[in-house]
Structure formats: structure tokens, C-alpha cells
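In what follows, a single structure is set out as C-alpha cells and then discussed.
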Protein chains: 2
Amino acid sequence: MSKRDEITAQTRQNIIDAFWTLYCEKRIEKIPVRDITDKAGYNRGTFYEYFVDVYDVLEYIENSLIPTLEELPPVSTPTGTLGMPLDMFLELYQKNSRFYSQLLGDNGDPAFASKLKNSIKPTIRKLFEDNPTVDIKELEYILEYTLSAMIGIMSFWFKQSDALTNEKLFELIHRLMESGVIKQLPFKE
Amino acid sequence: MSKRDEITAQTRQNIIDAFWTLYCEKRIEKIPVRDITDKAGYNRGTFYEYFVDVYDVLEYIENSLIPTLEELPPVSTPTGTLGMPLDMFLELYQKNSRFYSQLLGDNGDPAFASKLKNSIKPTIRKLFEDNPTVDIKELEYILEYTLSAMIGIMSFWFKQSDALTNEKLFELIHRLMESGVIKQLPFKE
DNA sequence: AATAATCCAACATCATGTTGTACAATATGA
DNA sequence: TCATATTGTACAACATGATGTTGGATTATT
């Protein structure tokens, strides 16, 4: 890598880092380019050499956090007792939790949840694609239901100050997926 | 209602309507006050007589869409076979689907999903609050899991061009909640 | 007629995105 | 190897557009 490329990469990263710090503090629409470059130590104009606008920075970050098909583990037989490769999702979330919890949180980007779900869906679909007993249309609803639930519970988990342990959380999720929500809650008969 | 009040209410509503039309077309941060008032037929300055800024309009709309405790049906025994008052949620979503699908969608407000979930949680919590066999901490995770899943599947449903019928969707949700995701999908043994 | 509200025009301020330029790093040709 | 041409990085300055505020004109209410 030439010195030029190093400088370029470093500057880009400095801008990204400064943006992320601010993004964790406030909504993206309240972040002026000026604040980013001030924090990163550059002229405002320099920002535009690297990004189109503030949203472009976010997109750059998001794309680096969406797993590619190659990164996702290849699907063979259902993993463990779960049947759906959701351990994969748990791992993915934990690896990037710092970013995911922000992007999927109240000040995050609603489109990121969709991107994430859509990046995972093909892998799960493959499990069922040549199984004639599966209703394809229904499967799509189940995918959406499940991934939404997973994202919801993981984000919630991450926000808790006295969170469940990994093991307890995983065990709970397994239970919920295997026998449903209702069975986990006793009702007066 | 005096004529004054009528005019005030009408103007406020006109601004809200104009905002909503634009909000359905693009992200909120790309909506200048000018565009709103142009569409509504007022001077830009008039906007500031009614709202603090563009986000204030959104907040106003959101608050009118969050059910109050009184609006939510009183909890007695679990409704139907579901055990959780989720029919309530389905009804709520359908009544406001035009707004919900936008606010909960990719160009929506991530904070709205939280507001909505938090408005419903107390009602469900009450069902279990004096049941000593329920793990309170775990219940919170189950609530988050379930409500996230419900919001996810309803939003997905609404986006579909050839969507399932109401009945099929409800039946699917019931199945998923009663016996879990896994049981709904056959695996090669 | 006096008061209070609705609405608007004009202003100062701030953020945006672009352009021209200084300076540093690299490539080229004797 | 050394001088020169070329490219890339960063910046200051500019034009444009959006923001939020203020003072005044107009219309409804008392």
C-alpha cells in the first residue's frame, strides 16, 4: 500500500469514526457535516471528497455490517435442535453488537433491520426450497415473523442493565421457537 | 366551537395532511418546511405557529396513533385460544394500517415501534402480574419477542401485493404462537 | 372600538454542496 | 539520479437554500 492509499484510508476511517461517535449521541438528521469534520480534524470540504452526504457514511457502515452469502455458514442439515440456523444469527449479532444495537435501536435506521433480514433469508429458504410439503408463501411470513422476533429480543437483551446470561437467553429462544409463546406462560384455567 | 377554533383546527390539520403526503413519499429529513406549507397553501412562517419543527408534526401524528390505556380493551380472562390479547393488536393495526405500515416501514420512525410496544405491554403484563409461577424477568423478554414478531409479520403482510386473507394470517399467527415456529416446518429426519 | 388570533413578508443565521487553489506525493523522462 | 509533469489530498471562499424569528397587516371575537 502506497503512502497515498494509507492516507486516504486513514482519513476515510477518521471521518467514519467521528460520525459514529456523533451518531451514537443523536439522530442522524441532527448531525451537521461541520461537527463530523471538526471532530475528525479536517476541513468541512474534505468530507465531500469521501462521501456524498451524511447518509452516505451511514450506508457505508451498514454495508460493512451486512453479512455476505459467503460469510454466512453454509446450510446443510439443521443445526442442533433448533432446525433453523438461528444460532448463526445470534453469533452475528453478538459479534457486531455495538453497531447492531445502535442501528436497530430507537435512533437507528429502520431500513437496516430490513437489510439484515433480507441478507439472512436466502440461507434459511434454501433449507426448504425443494421440500414440496412446505407452503412457500407461508414460509415467507414465518421467516419475517421469526427474524423480527429475533431482532427484537436481541436488541432488548442488549439494552438491559442486568441482562440474562447468554445461556439463559439462548435457552429461552429455543423454547419459544420450539413450542411457542403460549406454552411458556401458565394461564388460570 | 368558535370560528377561530375551527380555523385553527383546520389549519393544523391541513399542515398535518400535507406533511403526511410528503412523508409517504420520502424520508422525513428530506422534507423542507417550505414544501409542506406550499402544499398546504400557507406561508412558511405559519408553520411555526403550529409546530416547533418537522419532527414535531410527526410526533403529533404518532401520539394520536398510540392507544391509550382506556382504548385498549380491559383484560379479564385470556381472549379466545390465544391466551395473549393479540387479537387486540391485530385489530389495532388494521384500524390504523395506513399509518402503521408507513411508520413501521423502512422510511418510518424506529422509535414508533418502541412506543407502540410499550403502550401494549402493561395490558399484557397485568395478565400475569400476580401469578407467582411466572418469571417476571423472563416475561419481559417474551413480551418483546412476541410484539416484535407481531409488528414484523403485520408490516410484511401489509406490504404484500397478493397477501394472505385475514383469516389465514390470523390462523397462522395463532399456530406460531401456540406451538412455535419449528413445528410449522417439516424437516428431513 | 379594543383586543386577540391568524397569517405573512422580511431578516439574520446556519448548513449545504461546489469550485479554485496550495501543497504533498508519485510517476515520467532525460 | 534529478528535474519536471501529473495526480491526489486538504482547504478557503462562494453561492444557494433551509431554518427559526420578528414586526406588521388582516380578520374574527368581545
Side-chain angles (χ1 to χ4, degrees), chain A residues 1-64 102 107-111, chain B residues 1-64 102 107-111:
Chain A
M1 185 137 86
S2 76
K3 187 162 181 188
R4 276 268 160 83
D5 293 345
E6 259 180 65
I7 291 174
T8 305
Q10 186 60 57
T11 303
R12 165 172 265 109
Q13 194 56 48
N14 289 341
I15 292 175
I16 291 174
D17 291 348
F19 164 80
W20 186 257
T21 304
L22 293 167
Y23 186 57
C24 289
E25 292 167 6
K26 50 184 158 185
R27 304 182 129 249
I28 189 168
E29 48 271 0
K30 300 287 178 195
I31 304 177
V33 172
R34 153 133 271 135
D35 288 7
I36 298 174
T37 50
D38 277 1
K39 191 176 271 285
Y42 296 94
N43 181 279
R44 201 172 58 80
T46 303
F47 177 91
Y48 294 97
E49 304 283 341
Y50 290 85
F51 298 99
V52 173
D53 56 23
V54 180
Y55 298 93
D56 194 31
V57 187
L58 184 62
E59 199 185 324
Y60 185 94
I61 294 175
E62 287 186 357
N63 289 340
S64 73
Q102 170 65 23
N107 288 334
D109 175 12
Chain B
M1 186 140 80
S2 75
K3 188 163 182 187
R4 273 270 157 83
D5 292 345
E6 259 179 65
I7 290 174
T8 306
Q10 187 60 57
T11 304
R12 165 172 265 109
Q13 195 56 47
N14 289 341
I15 292 175
I16 290 174
D17 291 347
F19 164 81
W20 185 257
T21 304
L22 293 166
Y23 186 56
C24 288
E25 292 166 7
K26 51 183 159 186
R27 306 182 126 247
I28 188 167
E29 48 271 0
K30 301 287 177 195
I31 303 177
V33 172
R34 152 132 274 133
D35 288 7
I36 299 173
T37 49
D38 277 1
K39 191 176 271 287
Y42 297 93
N43 180 278
R44 199 173 59 80
T46 303
F47 176 92
Y48 294 97
E49 303 284 341
Y50 290 84
F51 298 99
V52 173
D53 57 22
V54 179
Y55 297 93
D56 193 31
V57 186
L58 184 63
E59 199 185 323
Y60 185 93
I61 294 175
E62 288 186 355
N63 289 341
S64 74
Q102 169 64 23
N107 288 332
D109 175 12

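Proteins get letters first, then strands, A, B, ... in listed order; numbering begins at 1 in each. The analysis underlying the following values was restricted to heavy atoms, covering all of them including side chains, and did not include hydrogens, waters or symmetry mates. Please read all numbers here as calculations on a predicted model, not as lab measurements.
- As a whole-Å value, the separation of B:Gln10 CD from C:dC7 P is 10 Å.
- With sequence neighbours excluded, no residue forms a salt bridge (charged side-chain N to carboxylate O under 4.0 Å, His left out) with A:Lys39.
- With sequence neighbours left out, the ring pair (Phe, Tyr, Trp, His ring centres under 6.0 Å) criterion links B:Phe47 to B:Phe51.
- Annotation: salt bridge (charged side-chain N to carboxylate O under 4.0 Å, His left out) contacts of B:Glu59 (sequence neighbours excluded): none.
- Residues meeting the side-chain hydrogen bond (donor to acceptor under 3.5 Å, both in side chains) test with B:Glu62, sequence neighbours left out: B:Lys115.
- The CZ atom of A:Arg44 sits 10.0 Å away from atom CG of A:Asp38, with the distance rounded to the nearest 0.5 Å.
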Could you go over nucleotides 25-28 of chain C and give all protein N or O partners under 3.5 Å, atom names and distances?
residue	atom	partner	partner atom	Å
C:dA25	OP1	A:Lys3	NZ	3.4
C:dA25	O4'	A:Arg4	NH2	3.3
C:dA25	N3	A:Arg4	NH2	3.0
C:dT26	OP1	A:Lys3	N	2.9
C:dT26	OP1	A:Arg4	N	3.1

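- Between B:Tyr50 atom OH and D:dG20 atom C1' the separation is 17 Å, expressed in whole Å.
- Look at CG on A:Asp53: it is 14 Å from C1' on C:dT18, rounded to the nearest Å.
- Non-hydrogen atoms lying under 4.0 Å from DNA chain C are contributed by A:Arg44, A:Tyr48, all within residues 35-48 of chain A.
- For the pair A:Glu49 CD and C:dT19 P, the interatomic distance rounds to 11 Å; values are reported in whole Å.
- By the ring pair (Phe, Tyr, Trp, His ring centres under 6.0 Å) test, B:Phe19 pairs with B:Tyr23, sequence neighbours left out.
- Each side-chain hydrogen bond (donor to acceptor under 3.5 Å, both in side chains) pair with one or both residues in residues 46-56 of chain B, not counting sequence neighbours, would appear here, but there are none.
- Considering only residues two or more places apart in sequence or on other chains, A:Arg27 meets the salt bridge (charged side-chain N to carboxylate O under 4.0 Å, His left out) condition with A:Glu29, B:Asp109.
- Residue pairs meeting the ring-ring contact (aromatic ring centres under 6.0 Å, His included) criterion with at least one partner in residues 26-45 of chain B, sequence neighbours excluded, do not occur; the list is empty.
- Within residues 11-26 of chain A, the residues that place at least one heavy atom under 4.0 Å from DNA chain D are, in residue-number order, A:Thr11.
- What separates CD of B:Glu29 from P of D:dT19 is a distance of 12 Å, to the nearest Å.
- With a 4.5 Å cut-off on side-chain heavy atoms, B:Thr11 and B:Ile7 count as touching.
- In this entry the distance linking CZ of A:Arg34 with P of C:dT16 reads 10 Å, nearest Å.
- Screening residues 13-26 of chain A for salt bridge (Lys or Arg N to Asp or Glu O under 4.0 Å), with sequence neighbours left out, gives A:Lys26-A:Asp35.
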